[in-house]
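Start at 1 and go down the list; that is how both ligands and their atoms are numbered. All residue numbers refer to positions in the sequence shown, counting from 1. Just so you know, these numbers come straight off a predicted model, no measurement behind them.
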Amino acid sequence: MNGYITLDYELGMGQSGTQENCLFEPMRHLTAMLDKYGVKTNLFVDTAYLLQLKKLKDLYPQLQKDYDAVIDHLRQLDSEGHALQLHLHPQWCYSNYDGKKWILDKKHFKLSDMSLEEQKQLIHEGAALLNSIGTRKVNAFRAGGFSVENFPELYDTFLAEGITVDSSVFRGERLKTQYHDYDYRKIPMKSSYQFYKDHKKEDPKGQMREYPLSTLVIDAFSYLWMKKAKHPEYAHLTVSKKKWGDAVGIGYPGGKLNVLKIKLKMLLGTKSICTYIEHDENIEKVYNYSTKKYEGDDFVIIGHPKCLTPYSIEILEIFIKNHPEISFKLF
Ligand SMILES: [Zn+2]
């Protein structure tokens, strides 16, 4: 079995939080644990953030410091064997700094909120920046908010940048709001597959390969029940469940009524329990389900450093210890 630990290396989308708390500190704890097992991670670095930081750093001494620190951190992770890969949250391209904090844009959350030419340019500039930081060449992509419904229009651009892997598919889920737009309910029943243009359809002749997030797809009632379930198997853990991150998420757009409508709509049909490191005590269940359900030998775990807690890292460690059959890999 091939395991892929993927991390979306990014700040908060509602309020950014700080690099120290959202990225550096949680990564120190996570990599210290992973080092015991020689496990390396696939870091999906929000390169739209890096590009905006680079653009504004000459105007603000704090941003110059932040830029130097984050580039140093990425270089260090690269030198330790972790892979830097492309992740894009376009809102950063439209966000500003007021001298104290980031004023985050909320009108351009998805790639499709930009013109096609701008999307292609962002992919090109992002890949070039990451390639200038790391020693390995970027070869994988994950869309911010999993939203890249126009993948066929971007396929050639990815290939031109040497990107042959995508991991944007959140199998079993759909979400259409001002911030998100994806429908991943009909995905090939394989743990990974080749595709041509459309990342949701298998085509052995294609030059790209999709690695969907490993999920347990269930009906809404079972989903809510599982979310509420207690986990006696982890009751002995005494470490903190408090995250290091100081970011605030973007949530859902609109007022309370709109948010309720979105959540109710999400419950129609299926829901997915994912392998989120930060809150997935169900990782064993997802593993057992997905290895039986899907053809292939790939298991894709996702996490966000800004959401990690000491507790979630211990659960991941228990999982790694329990499954010596999984060989953790880079894309
Ligand atoms: Zn992200």
Side-chain angles (χ1 to χ4, degrees), residues 4-19 21-24 26-27 30 41-53 70 73-74 77 82-95 102 104-114 119 122-123 126-127 129-130 138 140-149 151 154 158 163 165-171 173 175 177-182 184 199 210-213 215 243-253 272 274-280 300-308 312 331:
Y4 301 88
I5 295 185
T6 69
L7 297 162
D8 293 1
Y9 183 100
E10 64 194 24
L11 295 182
M13 305 301 156
Q15 288 172 31
S16 70
T18 58
Q19 293 185 155
N21 294 328
C22 292
L23 300 171
F24 307 159
M27 285 303 294
L30 179 66
T41 62
N42 299 272
L43 288 165
F44 283 103
V45 179
D46 183 0
T47 317
Y49 165 65
L50 293 188
L51 288 167
Q52 192 68 355
L53 194 53
V70 76
H73 190 231
L74 290 169
L77 289 163
H82 302 278
L84 311 183
Q85 302 290 12
L86 187 64
H87 187 50
L88 295 169
H89 279 282
Q91 70 172 144
W92 283 103
C93 307
Y94 304 86
S95 294
W102 285 99
L104 296 175
D105 171 87
K106 291 189 178 165
K107 293 198 179 108
H108 303 82
F109 201 74
K110 317 179 284 294
L111 269 179
S112 58
D113 295 329
M114 307 174 92
Q119 294 174 47
L122 183 58
I123 292 166
L129 178 58
L130 286 181
V138 170
F141 172 74
R142 173 174 291 149
F146 311 115
S147 304
V148 57
E149 287 290 283
F151 208 110
L154 300 171
F158 286 124
I163 293 173
V165 165
D166 178 69
S167 188
S168 303
V169 169
F170 189 174
R171 186 197 291 279
E173 287 277 309
L175 186 56
T177 72
Q178 184 195 327
Y179 302 152
H180 296 86
D181 183 11
Y182 57 79
Y184 292 128
H199 68 321
E210 177 63 42
Y211 288 82
L213 303 185
T215 58
K243 61 187 177 187
W244 288 284
D246 51 3
V248 177
I250 196 165
Y252 299 106
S272 294
C274 184
T275 52
Y276 279 122
I277 301 170
E278 52 264 28
H279 51 71
D280 206 37
V300 180
I301 295 172
I302 181 174
H304 295 79
K306 64 186 175 187
C307 301
L308 293 179
S312 59
F331 286 127

Task: His87, N/O/S atom nearest the Zn ion (ligand 1) - done: NE2

TODO: For the Zn ion (ligand 1), find the closest N/O/S atom belonging to Glu10 and write down its atom name.
DONE: OE1

TODO: Report yes or no: does Asp46 have an N/O/S atom closer than 2.8 Å to the Zn ion (ligand 1)?
DONE: no

Open item on the list: So that I can check it, does any N, O or S atom in His304 come closer than 2.8 Å to the Zn ion (ligand 1)?
Closed with: no

Task: NZ/NE/NH1/NH2 to OD/OE distance under 4.0 Å, Glu10 and Lys306 - done: yes

Open item on the list: Quick test of your reading of the model: are Asp8 and Arg142 salt-bridged, counting only N-O distances below 4.0 Å?
Closed with: yes

- [ ] Measure the acute angle between the ring planes of His89 and His87, then classify it against the limits of 30° and 60° as parallel, tilted or perpendicular.
- [x] perpendicular

- [ ] Give the intermediate values and the outcome of ring-ring contact (aromatic ring centres under 6.0 Å, His included) for residues Phe44 and Phe141.
- [x] CA-CA 7 Å; Phe44 283 103; Phe141 172 74; 7.9 Å; no

